[in-house]
Amino acid sequence: MQTSTALPETGFVRLKSILAPHGPIPVSKSTWWQGVRDGRFPKPQKLGARVTVWRVDDIRALIENGAG
């Protein structure tokens, strides 16, 4: 379990590494998914039937530029 809020340099991250308390973005899951549907937050990628990830580059851009 990752307890740091630091994101990896490259690759993909799962939702629990993005949202607080383990991640840098302080929103709830429901707010996050609504933002994905609205286009405010990056779109996920599916790696499998039950594995959803986001590109670290997209999350870093969101943190730097804020939600559109």
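Note that the structure is a prediction, hence the values are computed from the model and not measured.
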When rounded to the nearest 0.5 angstrom, what distance separates CZ in R40 from CG in L62?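 Taking CZ in R40 and CG in L62, the distance rounds to 10.0 Å.
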Got a second to check how far E9's CD is from D57's CG, nearest 0.5 Å?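 Answer rounded to 0.5 Å: 10.0 Å.
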Residue pair A20 / P26: nearest heavy atoms and the distance that separates them: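 Heavy atoms only, the tightest pair is CB-CA, 3.9 Å.
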Would you say NZ of K29 has more than 12 non-hydrogen atoms from neighbouring residues, nucleotides or ligands within 6.0 angstrom?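 No, NZ of K29 has 12 or fewer neighbouring heavy atoms, counting only those of other groups under 6.0 Å.
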Does any part of the side chain of [Y], heavy atoms only, come nearer than 4.5 Å to the side chain of [X], both counted from C-beta?
{"X": "R55", "Y": "F12", "result": "yes"}
{"X": "T52", "Y": "R14", "result": "no"}
{"X": "L7", "Y": "I63", "result": "yes"}

When hydrophobic residues are tied together by side-chain contacts of less than 4.5 Å, even through go-betweens, does [X] share a cluster with [Y]?
{"X": "I59", "Y": "W33", "answer": "yes"}
{"X": "V56", "Y": "V53", "answer": "no"}
{"X": "L15", "Y": "V36", "answer": "yes"}

Kindly assign one of parallel, tilted or perpendicular to the pair W32 and F41, based on the angle between their ring planes and the thresholds 30° and 60°.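 If you compare the ring of W32 with that of F41, the planes turn out parallel.
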